[in-house]
Number of protein chains: 2
Amino acid sequence: MTGSDGIPAPGDVPAEDRPAVSVDLVVLTILDGKLQVLLVRRRHEPFGDMWALPGGLVRLDESLEAAARRQLLRKTGVSDIYLEQLYTFGDPDRDPRLRVITVAYYALVPVDAVPILKTERTEADIGWWPAEPPMPLAFDHGEIVSYALCRLRNKLDYTPVGIELLPQCFTLSELQRVYEIIMGRTMDKRNFRKKIRGKEWLERAEGTRRDGPHRPAQLYRFVSRRSE
Amino acid sequence: MTGSDGIPAPGDVPAEDRPAVSVDLVVLTILDGKLQVLLVRRRHEPFGDMWALPGGLVRLDESLEAAARRQLLRKTGVSDIYLEQLYTFGDPDRDPRLRVITVAYYALVPVDAVPILKTERTEADIGWWPAEPPMPLAFDHGEIVSYALCRLRNKLDYTPVGIELLPQCFTLSELQRVYEIIMGRTMDKRNFRKKIRGKEWLERAEGTRRDGPHRPAQLYRFVSRRSE
DNA sequence: GCAAAAGTGTTGGCCTTACACCCATGT
DNA sequence: ACATGGGTGTAAGGCCAACACTTTTGC
């Protein structure tokens with residue numbers, strides 16, 4: 001069956017003329033005062049021994065987001081996390097073996113929510129690497145990471161994205177540090193507090209954090225988050 | 001060859017286990033004082049006789065954007081137009097026949113740049129339809145159109161998107177009308193002019209437009225656009 | 001008592017909004 | 001002359017950036 005306009009219906013295209021479709025994940029966290037991205041080491045050609053984004057092929061019966069969550073769970077053990085579709089990269093030459101179109105997602109995880117990866121990476125084949133400056137990655141994954149960082153920064157202007165990088169309770173200074181790390185610049189403490197106090201997504205939690213020879217800090221919490 | 005993590009390399013997946021990949025286009029214009037979207041009438045099941053977004057399968061050797069431009073050229077005869085990737089829709093059930101993942105793009109065209117479509121649609125199988133209120137469309141195309149409108153409105157806040165809907169020379173009133181139509185609300189003439197005058201992407205053109213029993217309007221132009 | 005981070009207000013500039021009248025032309 | 005859209009300024013309020021000192025604790 002062919003459309004009246006000469007365009008074949010999808011089912012008429014031989015399956016071998018179809019590209020493969022994958023998802024790739026830019027999983028970001030804050031570690032050592034820097035944005036870090038989760039990478040896996042490739043074991044095979046092409047790009048053997050290079051670092052790459054975690055990802056994998058989309059199964060025929062799962063949605064794109066489900067595929068992304070499956071990869072995330074497999075690599076990090078975390079589920080129920082902030083995940084957003086980023087962009088779809090489909091340059092015909094991005095994989096030298098065959099045509100692979102990849103739908104990129106990005107995820108933000110509090111570093112202490114990823115138990116497996118809290119240890120230093122030694123020579124394991126998965127680990128956190130600084131998101132900047134860009135390092136050479138397999139395929140077009142460097143470009144995908146840049147794109148994710150760009151999106152994250154824009155998004156921070158109008159949504160409480162920093163939320164996802166902190167544990168349930170946190171101090172305002174910790175939140176400010178997250179913002180500073182993402183934006184790559186320092187901010188004024190009073191202005192920062194003025195801006196975010198009054199946001200509807202923030203509320204005081206009970207208790208304080210005392211973690212040093214100084215005044216304890218009031219704890220805060222995000223309203224209506226996972227586990228509420 | 002199988003990855004050390006048990007994940008098959010893309011080439012190891014039988015081609016028949018791959019989804020089909022298409023692009024769909026949300027081509028928007030302003031016509032009759034409304035945002036209108038270009039639709040084609042389906043001639044076959046499923047969704048026979050319903051209206052749908054123009055689109056088609058991605059060829060193995062072309063990039064996603066190239067596929068989108070090819071479809072755009074085929075349906076409208078226009079090339080060299082503003083085109084942006086929107087989102088990728090991949091619900092397993094979005095096409096009842098087989099798994100089709102579609103990468104949606106949106107495009108903005110000045111209505112008078114689409115010669116074929118300036119006529120009313122009669123009973124042709126392609127034509128402009130008001131983008132709002134939403135009408136029932138084939139597949140998940142209604143959702144895609146909503147998404148495009150949402151994106152367009154957000155984008156208008158910080159980029160001169162309205163550009164793409166106007167001919168090369170235009171009056172400030174015409175530009176304001178574009179903004180009003182996109183945003184769905186009226187704006188104050190003096191404030192509007194204050195805001196956009198001083199934008200670096202706008203410059204006065206020579207001449208005026210006199211098209212009625214009233215004062216002629218100064219023409220403006222966008223800097224560094226196609227044909228410059 | 002001192003080191004270290006927590007906490008707190010005011011001011012000036014800029015941007016956004018609201019608002020009303022005269023101008024140039026065609027008929 | 002009049003009808004029609006083109007064109008212009010000002011004042012008030014809100015938002016953002018700059019800026020310095022006191023408080024509470026552990027040692």
Side-chain angles (χ1 to χ4, degrees), chain A residues 30 32-33 153-162 166-222, chain B residues 30 32-33 153-162 166-222:
Chain A
I30 286 180
D32 297 336
R153 287 180 179 128
N154 287 329
K155 194 132 185 150
L156 191 58
D157 287 337
Y158 54 95
T159 49
V161 167
L166 286 170
Q168 256 195 339
C169 285
F170 53 88
T171 69
L172 292 186
S173 294
E174 289 165 345
L175 181 60
Q176 182 174 348
R177 220 157 290 133
V178 167
Y179 273 67
E180 289 178 339
I181 289 168
I182 293 176
M183 297 306 278
R185 61 185 165 85
T186 62
M187 300 176 186
D188 179 81
K189 194 180 359 170
R190 284 165 292 186
N191 292 338
F192 180 79
R193 284 150 122 81
K194 222 180 306 168
K195 181 158 44 182
I196 63 161
R197 205 177 307 130
K199 297 288 188 193
E200 65 300 334
W201 44 263
L202 186 69
E203 65 185 10
R204 289 169 78 114
E206 289 177 6
T208 55
R209 171 167 307 154
R210 32 193 179 298
D211 67 340
H214 53 80
R215 177 172 177 172
Q218 176 64 237
L219 289 176
Y220 287 78
R221 174 192 351 178
F222 297 108
Chain B
I30 287 181
D32 297 335
R153 286 176 180 134
N154 286 329
K155 194 130 184 152
L156 192 59
D157 287 337
Y158 53 93
T159 51
V161 167
L166 286 170
Q168 257 195 337
C169 285
F170 51 89
T171 68
L172 292 186
S173 293
E174 289 166 346
L175 181 60
Q176 181 174 349
R177 221 157 289 132
V178 167
Y179 273 68
E180 289 178 339
I181 289 167
I182 293 176
M183 297 306 279
R185 62 186 164 84
T186 62
M187 301 177 186
D188 180 81
K189 197 189 343 179
R190 282 166 294 187
N191 293 339
F192 180 79
R193 284 160 186 248
K194 222 179 309 169
K195 182 160 43 184
I196 63 161
R197 202 178 309 129
K199 297 287 189 193
E200 64 299 336
W201 44 262
L202 185 71
E203 65 184 12
R204 289 171 78 115
E206 290 177 6
T208 55
R209 171 167 308 153
R210 32 194 177 298
D211 67 340
H214 53 79
R215 178 174 175 173
Q218 176 64 238
L219 290 176
Y220 286 79
R221 171 191 353 174
F222 297 109

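All chains are named by letter (A, B, ...) in the order of the sequence lines, taking the proteins before the strands, and each is independently numbered beginning at 1. Computed from a predicted model, the values in this text were never measured in an experiment.
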Mind calculating the distance between [atom1] ([X]) and [atom2] ([N]) to the nearest angstrom?
X        : N      : atom1 : atom2 : value
B:Phe192 : D:dG5  : CZ    : P     : 18 Å
A:Asn191 : C:dG12 : CG    : P     : 16 Å
A:Asp188 : C:dG7  : CG    : P     : 15 Å
A:Gln176 : C:dA5  : CD    : P     : 13 Å
B:Arg215 : C:dT25 : CZ    : C1'   : 10 Å
B:Arg185 : C:dA18 : CZ    : C1'   : 14 Å
A:Lys195 : D:dG14 : NZ    : C1'   : 15 Å
B:Phe170 : D:dG5  : CZ    : C1'   : 18 Å

I'd like to know if A:Asp211 reaches the base of C:dA5 with its side chain, counting only an N/O donor and acceptor under 3.5 Å.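 No, no donor-acceptor pair under 3.5 Å.
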Once hydrogens and angles are ignored, does a donor-acceptor distance under 3.5 Å link the base of D:dT8 to the side chain of B:Lys194?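 When only heavy-atom distances are counted, B:Lys194 does not reach the base of D:dT8 through any donor-acceptor pair under 3.5 Å.
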I want to confirm an ordering. Mapping A:Pro213 and B:Gln218 to their closest nucleotides on DNA chain D, which one lands closer to the 5' end?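 Comparing both residues, the 5'-ward one is B:Gln218.
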Using a heavy-atom cut-off of 4.0 Å across all strands, would you classify A:Arg177 as base, sugar-phosphate, or nothing?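 No contact.
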Among C:dT8, C:dA6, C:dA24, the nucleotide that comes nearest once only the side chain of A:Arg197 is considered: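 For A:Arg197, the side-chain atoms sit closest to C:dT8.
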What nucleotide among D:dG7, D:dA17, D:dG9 has an atom nearest to a side-chain atom of B:Arg193?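 For the B:Arg193 side chain, the nearest candidate turns out to be D:dG7.
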Any side-chain heavy-atom pair of [X] and [Y] under 4.5 Å:
X        : Y        : result
A:Leu175 : A:Phe192 : yes
B:Lys195 : B:Asp188 : no
A:Gln168 : A:Arg221 : no

Under 4.0 angstrom between A:Ser173 side-chain N/O and C:dA5 OP1 or OP2: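 It does not, given that no N or O in the side chain of A:Ser173 lies less than 4.0 Å from OP1 or OP2 of C:dA5.
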Please figure out whether A:His214 or A:Lys189 has its closest DNA chain C nucleotide nearer the 5' end.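 Taking each residue's closest nucleotide, the earlier one in sequence belongs to A:His214.
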Between A:Arg190 and A:Ala217, who's closer to the 5' end of DNA chain C by nearest nucleotide?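 Mapping each residue to its closest nucleotide by heavy atoms, the 5'-most match is A:Ala217.
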CG/B:Leu202 to CZ/B:Arg193 distance, rounded to the nearest 0.5 angstrom?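 B:Leu202 atom CG to B:Arg193 atom CZ measures 11.0 Å (nearest 0.5 Å).
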With a cut-off of 6.0 Å (strictly less than), are more than 12 heavy atoms of other residues, nucleotides or ligands near CD of A:Glu206?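 Open: at most 12 neighbouring heavy atoms sit under 6.0 Å from CD of A:Glu206.
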